[in-house]
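Here's the structure, in structure tokens; my notes come after.
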Amino acid sequence: MANKQFDVVVIGAGPGGYIAAIRAAQLGLSTACVESESYADPKGEIRLGGTCLNVGCIPSKALLRSSELYQEAQHGFQMHGISSEGVKIDVATMVKRKDNIVTQLTSGIKSLFKKNKVTLLSGHGKFIGRENERWVVDVNGEQVEATHVVVATGSKARHLPGIPVDNVIVCDNAGALSFDSIPKRLGVIGAGVIGLELGSVWKRLGSEVTILEALPDFLAAADAAVAKDAWKTFTQKQGLNIQLGVKINNVSVELNGTPSVTIDYELGEESRTLECDRLIVSVGRVPNTAGLGAETIGLEISERGFIVVDHNCRSNLPNIWAVGDVVPGPMLAHKGMEEGVMVAECIAGQKGHVNMDTVPWVIYTHPEIAWVGKTEQQLKNEGIEYRSGQIPFAANGRALGQGDTTGFVKMLADSKTDRILGVHIIGANASELIAEAVAAMEFNASAEDIARICHAHPTLSEAMHEAALAVDKRPLHF
Ligand code: FAD
Ligand code: NAI
């Protein structure tokens, strides 16, 4: 029987892959998307949406919201004159709500595939060769042929040698999103994005949280002023115990009786031991290229395991493209989605590009942290002359009304041209506020452009307006 043939086969249905497939189909290309059983439901039914929808962005934000409400009900209501004694949390209900959101969204992708006429092929996808100018991909024993293949196989949690992850006691992101109870003592290895977000969830619910970080600097990728403010808030106000510059020597797990984990580590000259009930290992992610048949067809993979691509996500082989976490760049869902659109449009003969300089970063702690563009330390290192405007939320009427005045907005603009080079926010709703800065930077706007835009009053966005005015040393409310 002849193999099934498509214009485009996408391998992987995470944000990079499902978006590439939908956009390719919208452009009139016959398109299939291959997804393995990685996130299948208990009945074995394939779940789409990849890491992001199943064990990443979406479930983590659902738990962050539940834990925020719990904390607010316990400690935030009193100032409004609302009493809230006896507030309780039922972890099973909280986790079920999160699971329901995941189910709703993952099945939503199936509907989007149907609507856009994307064929879903269930199984592990693997290159087996090239015939008549078409790539041949094996999907669980069935062969399909495609003119173009988009690899969007994503990433998985990096584990540490000698620390086996069972996702019950020692967890990566998957297990840490589904604890069945609140651990009294939670250990976290890695004070990156996952460590801080999930550490915050369980801290708010009542765990004593200790985060062990190898680097001597906290949030080294963020603007130093933001990192300093975040450090103060997380450690002093919220009670996260974060230890920097540690070296993990040994982790042992005791499963008899009440399970516990013992971590032996060094802090400077000192040898220390941390005992905890559960451990989250969040030390970064590695690209998924194993079992893809890359070596069979000569697809170039870098030393660090990423598929090597050009600025349009073209691999070294004709008509093989790769997007998302499996290629270099920030491992962020929105970056993968942008690449997915770009690749589909390039395949359809259009032009496309992704501006990596305006990809925003968000950390969904409380306060939230968001930034786009260069940090102050990067500008200094690169010898770029800049002007800076910084406005605290304490000077913003809406923030005061909301009872949430932590943090600030900082805008950095080129001294000569006034073009915005970076915007850094720590504070409530930073994840939403950053969109204005992204739009401004995408259109090469100046600080003066933002200063001259009418911002609704009273809103948190006025802090962005004031920061732009502050670049020119003429803030009106500070
Ligand atoms: P993935 O989402 O990893 O999807 C790849 C898919 O390919 C998977 O479904 C996998 O099963 C499938 N696959 C792999 N190999 C094969 C094969 N050979 N055949 C068939 N199928 C295959 N990013 C944000 O932007 N915002 C956030 O708030 C955020 N929060 C996160 C929270 C956590 C806890 C984690 C872990 C990540 C978070 N991320 C967040 C990162 C985000 O999830 C990833 O950047 C994004 O999912 C990458 O998309 P992708 O399509 O490249 O890969
Ligand atoms: P990360 O790269 O953000 O942080 C990992 C941290 O672990 C680093 O600070 C690193 O120095 C530290 N580390 C590494 N090895 C260590 C060791 N042996 N001992 C102690 N510390 C060690 O990675 P994380 O948190 O695992 O998240 C993975 C990726 O997922 C992120 O980089 C991001 O791309 C994505 N993500 C995005 C989110 C968002 O956009 N809000 C939320 C969560 C994840």
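Note that the structure is predicted; figures quoted are calculated from it, not measured. Throughout, residue positions are numbered sequentially from 1 according to the sequence presented. Remember, it's 1-based here, ligands and their atoms both numbered in the order they're listed.
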If we only consider heavy atoms of V55, is any one of them less than 4.0 Å away from an atom in ligand 1?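 Yes, that is the case, since the closest heavy atom of the residue is under 4.0 Å from the ligand.
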
At a non-hydrogen distance cut-off of under 4.0 Å, which region of [X] contacts ligand 1 (side chain, backbone, both, or neither)?
| X | value |
| --- | --- |
| K156 | neither |
| I194 | side chain |
| T153 | both |
| A152 | backbone |
| L48 | neither |
| Y18 | neither |
| K335 | neither |
| P59 | neither |

Using a 4.0 Å cut-off to any heavy atom of [X], which atoms of ligand 1 qualify?
| X | value |
| --- | --- |
| R285 | 36 (C) |
| S36 | 11 (O), 20 (C), 21 (N), 22 (C) |
| G50 | 2 (O), 4 (O), 8 (C), 9 (O) |
| G154 | 1 (P), 3 (O), 5 (C), 52 (O), 53 (O) |
| G14 | 2 (O), 4 (O), 6 (C), 51 (O) |
| N173 | 34 (C), 36 (C) |
| S155 | 3 (O) |
| I11 | 17 (C), 19 (N), 20 (C) |

Polar contact flag for [X] and ligand 1 (N/O pairs, less than 3.5 Å):
| X | result |
| --- | --- |
| Y39 | no |
| S60 | no |
| G16 | yes |
| L292 | no |
| H334 | yes |
| M331 | yes |
| T51 | yes |
| G324 | no |
| N288 | no |

Verify the distance criterion only: is there a donor paired with an acceptor across the side chains of S67 and K203 at less than 3.5 Å? no

Does a donor on one side chain sit under 3.5 Å from an acceptor on the other, for D264 and T273?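 Yes, side-chain donor-acceptor contact under 3.5 Å.
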
May I ask you to decide whether [X] forms a salt bridge with [Y], counting only side-chain N to carboxylate O separations under 4.0 Å?
| X | Y | answer |
| --- | --- | --- |
| K61 | E197 | yes |
| D180 | R278 | yes |
| E345 | K351 | no |
| E338 | K335 | no |

Distance from [atom] to nearest protein heavy atom, with residue and atom:
| atom | result |
| --- | --- |
| atom 10 (C) of ligand 1 | E35 OE2, 3.4 Å |
| atom 32 (C) of ligand 1 | G56 C, 3.3 Å |
| atom 18 (N) of ligand 1 | G125 O, 3.0 Å |

Ligand 2 polar-atom proximity to protein (N/O, under 3.5 Å):
| from | atom 1 | to | atom 2 | distance (Å) |
| --- | --- | --- | --- | --- |
| ligand 2 | 3 (O) | V193 | N | 3.1 |
| ligand 2 | 9 (O) | E213 | OE1 | 2.7 |
| ligand 2 | 9 (O) | E213 | OE2 | 3.2 |
| ligand 2 | 11 (O) | E213 | OE2 | 2.6 |
| ligand 2 | 15 (N) | R158 | NH2 | 3.1 |
| ligand 2 | 21 (N) | A214 | N | 3.1 |
| ligand 2 | 23 (O) | G284 | N | 3.3 |
| ligand 2 | 25 (O) | V193 | N | 3.3 |
| ligand 2 | 25 (O) | I194 | N | 2.9 |
| ligand 2 | 26 (O) | G284 | N | 2.8 |
| ligand 2 | 34 (O) | M331 | O | 2.7 |
| ligand 2 | 40 (O) | V362 | O | 3.4 |
| ligand 2 | 41 (N) | E197 | OE2 | 2.8 |
| ligand 2 | 41 (N) | V362 | O | 2.7 |

Could you report the tightest heavy-atom contact between A348 and L29, atom names first, then the distance? CB-CD1, 4.2 Å

E45: salt bridge (charged side-chain N to carboxylate O under 4.0 Å, His left out) partners, not counting sequence neighbours: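 Listed in chain order: K110.
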
T51 side chain vs G56 backbone, donor-acceptor pair below 3.5 Å: no

